[in-house]
Peer 1: 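What follows is a structure written as structure tokens; I'll ask about it next.
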Amino acid sequence: MLLAGAMASDPKPRVRFAPSPSGYLHIGGARTALFNWLWARKLGGSFVLRVEDTDQDRSSMESVQAILDAMRWLGLDWDEGPGVGGPHEPYFQSDRKAIYRQHCEQLISEGKAFRCYCTKEELDAQRAALKAENPKAQFKYPGTCRDRGDQPDLPHVVRFKAPTEGSTAFDDKVFGIIDTPNKEQQDFVIMRRDGLPLYNFAAVIDDHLMDINLVARGRDHIGNTPHQIMLYRAFGWEPPDFAHLPMMLSPKGEKLSKRHGHVAVQDYEARGYSPMGVLNYLARFGWSFGDQEIFSRQQLIDAFDWTRVNRGDGKFDDKKFADVNFEHLKQPELTDDDAYVARVKPFLEEAGLEHDEVRVRAALPLIRERARDFRDAVNHLDFYLREFPVMDEKAQRKFLVADNAEHLQAFRDHFASFAPWPSDVGQVEPMNEALKSWLEGTGRSMKQVAQPVRVALTGRTASPGLFEVMSVLGRERSLARLDRAVELCRAGG
RNA sequence: GGCCCCAUCGUCUAGCGGUUAGGACAUCGGCCUCUCACGCCGGUAACACGAGUUCGAAUCUCGUUGGGGUCACCA
């Protein structure tokens, strides 16, 4: 057995992500891109983006755009590829047809590939006949056209003369040595009838021409690897290293697809996830670093290593994902105030809320420990940003009643003269003290007062501490809300 | 079915011959408390099974079972 990839030297990695633009950026694809990107960034290598759009029926420019947008949103920048160019242009396979044709001709002239004139129908018929005779038999292309004369004018596909003796092995950076008997192979098609290359052929040529020295992709490509290695050898090229990643399965263990909910990166963007929240969850899926769960972008780059990538497939867990994202929103070290404000802004606009940046920043410490994503943050921000809060009907009925008017009025009057009014949520302690002594002095209980005040200020029964809210709202707005609540109590009661 | 791969709490995982099998999410209690949240403390919960190797296996070998991938003129 000839072992590919075993003794590759260790130059700067040149890795690639090669999506097929037939939809959106799949969450599993994003992880593949991430691992490649991390490796390139860690070692100062290059991350190449190549668009595999040879199947014109399934590819679209909208899809290319969606994928590039998602990559940019995640911050997975590429050193070569669409938009940035590079020394190995073009980076769209649909612009490289001449290259594939030329290499195909080379293999044919060297006797390593041949034109096959069999039609799909003929092959199907042969397969059916074999099945009829022996249901368990495995149909393989019988080599009908292997030694038939070359007739380029006839409609044909081009097949690679695959070896049938021995085996093809490679040393995977994740799975170790994978050895596949060649007798399993058949003369596979490298060029379609319409002259367009098939995946295995185009990928090999591009990876070689683009100097890719490590191909990292999903485990579903393991079976393609022997084919590709055969092609490298046929061309006399050194195969790159390979690293295959375990699969991301649905919570039920099935292949992850749209029916399982959110699988497109853009779905998470729309839900208000943070790019680093997404990246962090994906990084920890099939890879670990001791007990560490939360990573900044730089920590990920520093810590990433193929030796810590696992082999077992995993099941997707939305709850864990949400929590990792939450962790990134909570910690200012991971999402600083500027980033937070910038990310939440479009969601505020979408909700039609006034984007009062000063007040948003003032409320941020309160929001951070409550909002699980930026969309959720808008909900928590809502009552700070309106003139008056939207009253929750049940809350109003229960707490803004005649009996509470007096408590609210007294609270309002007492704190109207309080000075200094806290300008920061961290400065509310004096007000808390004042509240306690006021309650004692007037014979009121916290229970009697707190919830009515809360509803008055926020329109809700759940919110941050009373004085934290008041410090964000400011004196005037707070008092106005209390006044309005007193009116509501009297009118409603 | 052929070939390939995988197997630790429900989930993501640590473990790389000797551990009370650890962490995180989820879940269940409790503390904190003006509500919510954060935070803190604690509980339930795993080595798929069977043979070996070894003084000693979650760790090594083989088998069984289970799961996944792949067998296109898709990628």
Side-chain angles (χ1 to χ4, degrees), chain A residues 18-22 52-55 57-59 93 116 118-120 123 135-140 155-159 172 174-176 178-181 183-186 188-200 202-203 217-226 244 246-247 249 251 253-255 281 284-294 308 310-324 326-327 330 365-372 380 395 399 432 435-436 439 445-455 458 460-467:
Chain A
S20 164
S22 57
E52 309 223 323
D53 58 348
T54 54
D55 187 340
D57 294 338
R58 308 200 324 170
S59 303
Q93 287 191 329
C116 172
C118 300
T119 63
K120 180 114 183 140
L123 260 14
K136 284 184 190 158
Q138 201 58 32
F139 178 77
K140 289 200 308 198
H156 62 273
V157 301
V158 178
R159 288 178 184 273
D172 191 272
V174 173
F175 287 91
I178 296 178
D179 196 358
T180 309
K183 66 174 188 300
E184 298 303 321
Q185 311 303 346
Q186 56 181 325
F188 55 90
V189 177
I190 56 176
M191 278 285 193
R192 313 204 301 193
R193 188 165 296 258
D194 61 9
L196 292 171
L198 251 12
Y199 166 71
N200 280 137
R217 75 247 280 206
R219 203 200 71 196
D220 46 339
H221 284 286
I222 282 185
N224 285 136
T225 308
H244 289 91
M247 304 254 89
L249 271 18
E254 303 161 310
K255 200 160 184 170
Y281 178 70
R284 279 288 285 97
F285 198 105
W287 173 84
S288 63
F289 191 69
D291 283 342
Q292 189 172 348
E293 301 280 349
I294 304 301
R308 289 176 170 279
N310 291 136
R311 291 173 296 278
D313 293 339
K315 293 173 188 163
F316 192 81
D317 183 355
D318 251 319
K319 291 241 178 67
K320 177 85 173 187
F321 195 166
D323 183 74
V324 170
F326 186 24
E327 211 58 50
K330 255 189 309 202
L366 273 16
I367 303 303
R368 278 186 187 278
E369 61 192 32
R370 289 176 175 77
R372 301 181 69 81
H380 285 96
F399 292 105
N432 278 325
L435 175 66
K436 271 178 208 152
L439 287 170
S445 74
M446 191 67 109
K447 297 261 182 236
Q448 281 176 304
V449 175
Q451 284 305 74
V453 171
R454 185 182 317 286
V455 175
T458 70
R460 310 170 181 194
T461 52
S463 81
L466 262 26
F467 299 119

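Letters A, B, ... are given to chains in the order of the sequence lines, protein chains preceding strands, and every chain is numbered from 1. Remember, it's a predicted structure, so these values are computed and weren't measured experimentally.
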Peer 1: Look at the side chain of Arg370(A) and the base of rC36(B), then say whether one donor and one acceptor between them are separated by less than 3.5 Å.
Peer 2: yes
Peer 1: Applying the Watson-Crick and G-U wobble criteria at under 3.5 Å, what pairs with rU65(B)? Answer none if nothing qualifies.
Peer 2: rA7(B)
Peer 1: So does Lys183(A) get a side-chain nitrogen or oxygen closer than 4.0 Å to the phosphate oxygens (OP1/OP2) of rG2(B)?
Peer 2: no
Peer 1: Using only heavy-atom distances, decide whether a donor-acceptor pair under 3.5 angstrom links the side-chain of Asn200(A) to the base of rA75(B).
Peer 2: no
Peer 1: Does the side chain of Asn310(A) get closer than 4.0 angstrom to OP1 or OP2 of rA14(B) through an N or O atom?
Peer 2: yes
Peer 1: How long is the line joining NZ of Lys315(A) and P of rU11(B), in whole Å?
Peer 2: 5 Å
Peer 1: What contact category does Pro251(A) fall into here, base, sugar-phosphate, or nothing, at under 4.0 angstrom with non-hydrogen atoms?
Peer 2: nothing
Peer 1: Within this structure, what is the CD1-to-P distance between Ile367(A) and rC36(B), rounded to whole angstrom?
Peer 2: 17 Å
Peer 1: Counting heavy atoms from C-beta on, name the nucleotide in rG10(B), rC34(B), rC36(B) closest to the side chain of Gln451(A).
Peer 2: rC34(B)
Peer 1: So, OP1 or OP2 of rC74(B): does either fall under 4.0 Å of a side-chain N or O from Arg192(A)?
Peer 2: yes
Peer 1: Is there a donor and acceptor pair closer than 3.5 Å between the side chain of Lys120(A) and the base of rA72(B)?
Peer 2: no
Peer 1: Using both distances under 3.5 Å as the test, list the Watson-Crick or G-U wobble partner of rU44(B), or none.
Peer 2: none
Peer 1: Mind checking whether Pro197(A) and Met191(A) have side chains closer than 4.5 Å, heavy atoms only?
Peer 2: yes
Peer 1: How long is the line joining NZ of Lys255(A) and P of rU70(B), in whole Å?
Peer 2: 4 Å
Peer 1: According to the Watson-Crick and G-U wobble definitions, with both distances under 3.5 Å, which nucleotide is paired to rG52(B)?
Peer 2: rC60(B)
Peer 1: Checking all strands, does Gln138(A) fall into the base, sugar-phosphate, or nothing category for heavy-atom contacts under 4.0 angstrom?
Peer 2: base
Peer 1: Could you tell me which nucleotide pairs with rG1(B) by Watson-Crick or G-U wobble geometry, both distances under 3.5 Å, or answer none if nothing does?
Peer 2: rC71(B)
Peer 1: Can a side chain N or O of Thr461(A) be found less than 4.0 Å away from OP1 or OP2 on rU35(B)?
Peer 2: no
Peer 1: Per the atom types in the model, does the base of rC34(B) pair as donor or acceptor with the side chain of Arg454(A) at under 3.5 Å?
Peer 2: yes
Peer 1: It should be established whether Lys319(A) places a side-chain nitrogen or oxygen under 4.0 Å from OP1 or OP2 of nucleotide rC12(B).
Peer 2: no
